[in-house]
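Down below is the structure, laid out as structure tokens.
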There are 2 protein chains.
Amino acid sequence: MSAVRKSRLSQDEIDAIARAVADPRRFAILQQISSGAVTPCSKLNEHNCISPATISHHLKELQEAGLIDIAREGRTANLSFRRDVWQAYLDRLGQL
Amino acid sequence: MSAVRKSRLSQDEIDAIARAVADPRRFAILQQISSGAVTPCSKLNEHNCISPATISHHLKELQEAGLIDIAREGRTANLSFRRDVWQAYLDRLGQL
DNA sequence: AGGATAATTCGATAACCATTGAACTAATTA
DNA sequence: TAATTAGTTCAATGGTTATCGAATTATCCT
């Protein structure tokens, strides 16, 4: 499999990512996805303390920020971490 | 000069920093401070497009997140970037 | 077909927060 | 002392957004 590289991020992309990870719950979700342990959305809700609607909302935000890919397969959604985008974000933050 | 090191950040500290840099204007301010070019608050307002009250508010947020130090000297405030905290934040983000 | 499961969309609500004018404190200067 | 300057605090406002129930779509299973 290839990997779409992301070398530089625009300021708007930076802002979107920063905003996306600013929410603690969203950051936790991103962590879970990045660990590769989970694939389907339902596994993100460990203890039923968050509604499916909210999860769906957060996933959409993460996707629109470019941090994850969502690939539907049957009735489940495969979530994958865009490590290249994340790295590009870190590179940018490292400049200051 | 010594440097107070910051090795690890709690989850609350991570959340606070993420929230602090999520605001574009605050991130821009942090960038300016990190560049070392500016010291007094007034220099942050390049084109008078932001009120003193708002600047003061953002600086307080950055300070409470641990990202900057504010040292009053006479009637001006000396702003300095906590590079150690920033690095600790980057280290944490780099884990995923 | 009918029922269960996975996830999304919609609408409403409540909380959060960036922004500012005005009033204020403290320090410098005339 | 009076005036000016740097910055803060307060209270109000408007916009954003996290959250969820309910309804919906699509898929899988019997």
Side-chain angles (χ1 to χ4, degrees), chain A residues 11-33 36-82, chain B residues 11-33 36-82:
Chain A
Q11 191 58 49
D12 280 353
E13 289 173 310
I14 292 290
D15 292 345
I17 293 174
R19 191 193 147 283
V21 297
D23 182 78
R25 191 160 262 173
R26 213 144 50 204
F27 183 65
I29 289 175
L30 187 64
Q31 267 185 274
Q32 288 188 65
I33 295 175
V38 288
T39 321
C41 300
S42 48
K43 289 294 182 301
L44 293 173
N45 194 1
E46 289 296 295
H47 303 298
N48 276 20
C49 48
I50 179 173
S51 78
T54 301
I55 290 184
S56 193
H57 165 69
H58 286 317
L59 290 177
K60 194 177 184 181
E61 293 284 333
L62 289 171
Q63 181 191 34
E64 284 174 351
L67 289 173
I68 66 171
D69 278 338
I70 305 182
R72 298 237 161 51
E73 205 168 329
R75 64 181 156 176
T76 69
N78 273 8
L79 311 172
S80 58
F81 184 50
R82 287 287 304 264
Chain B
Q11 192 58 49
D12 280 353
E13 289 173 310
I14 293 290
D15 292 345
I17 293 174
R19 192 193 148 283
V21 298
D23 182 78
R25 191 160 262 172
R26 213 144 51 203
F27 183 65
I29 290 175
L30 187 63
Q31 267 185 272
Q32 288 188 67
I33 296 175
V38 290
T39 320
C41 299
S42 47
K43 289 294 183 301
L44 292 174
N45 194 0
E46 290 296 294
H47 304 298
N48 277 20
C49 48
I50 180 174
S51 78
T54 301
I55 290 184
S56 194
H57 164 69
H58 285 319
L59 291 177
K60 194 177 184 181
E61 293 283 334
L62 289 171
Q63 181 191 34
E64 284 174 350
L67 289 173
I68 65 172
D69 277 339
I70 305 182
R72 299 240 159 49
E73 205 167 331
R75 64 181 157 179
T76 70
N78 273 9
L79 310 172
S80 57
F81 183 50
R82 286 287 304 263

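The sequence lines fix the lettering, A, B, ..., with proteins before strands; numbering per chain opens at 1.
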Give the rounded distance in Å between these two atoms: CZ of B:Arg25 and C1' of D:dG15.
14 Å
Residue-phosphate contact under 4.0 Å: A:Arg26 side-chain N/O, D:dA18 OP1/OP2
yes
So, do A:Asp15 and A:Gln11 sit near enough that their side-chain heavy atoms are less than 4.5 Å apart?
yes
Expected output: side-chain A:Arg26 to main-chain A:His58 donor-acceptor under 3.5 Å:
no
OP1 or OP2 of C:dT8 versus the side-chain N and O atoms of A:Arg75: is any pair under 4.0 Å?
no
For the pair made of CD in B:Glu64 and P in C:dC17, what is the distance, rounded to whole Å?
12 Å
Any B:Arg72 side-chain nitrogen or oxygen under 4.0 Å from OP1 or OP2 of D:dT8:
yes
NE2 of B:His57 to CG of B:Asp23, rounded to nearest 0.5 Å, is 7.5 Å
Please round to the nearest 0.5 Å and tell me the distance separating atom CZ of B:Arg25 and atom CG of B:Leu30.
15.0 Å
Give the C-alpha distance, both sets of side-chain angles, the deciding distance and a yes or no for side chain to side chain contact (heavy atoms under 4.5 Å, CB included) between B:Gln63 and B:Ile68.
CA-CA 5 Å; B:Gln63 181 191 34; B:Ile68 65 172; 4.2 Å; yes
For A:Asp23 and C:dA15, give me the distance from atom CG to atom P, rounded to whole Å.
16 Å
Would you mind telling me which residue lines up with the more 5' stretch of DNA chain D, B:Ile70 or A:Gly74, judged by nearest nucleotide?
B:Ile70
Residue-level proximity of residues 53-63 of chain B to DNA chain D when a heavy atom falls under 4.0 Å
B:Ala53, B:Ser56, B:Lys60
Going from CG on A:Leu62 to CD1 on A:Ile17, what distance comes out if it is rounded to the nearest 0.5 angstrom?
10.5 Å
Protein-nucleotide distance (A:Asn78, atom CG; C:dA6, atom P), rounded to Å
14 Å
Side chain to side chain contact (heavy atoms under 4.5 Å, CB included) between B:Leu79 and B:Ile70, worked out
CA-CA 5 Å; B:Leu79 310 172; B:Ile70 305 182; 3.9 Å; yes
Can you check the B:Phe27 CZ to C:dA18 P distance for me, whole Å?
16 Å
Just checking A:Thr76: base, sugar-phosphate only, or nothing, at a heavy-atom cut-off of under 4.0 Å?
sugar-phosphate
Let me know the distance between CD1 of B:Ile50 and P of D:dT8, rounded to the nearest Å.
13 Å
Respond yes when some side-chain nitrogen or oxygen of A:Arg19 is under 4.0 Å from OP1 or OP2 of D:dT16, and no when none is.
no
Regarding the side chain of B:Pro52, the nearest nucleotide among C:dA7, C:dT20, D:dT8 is D:dT8
D:dC28 C1' sits how many Å from A:Glu73 CD, rounded?
14 Å
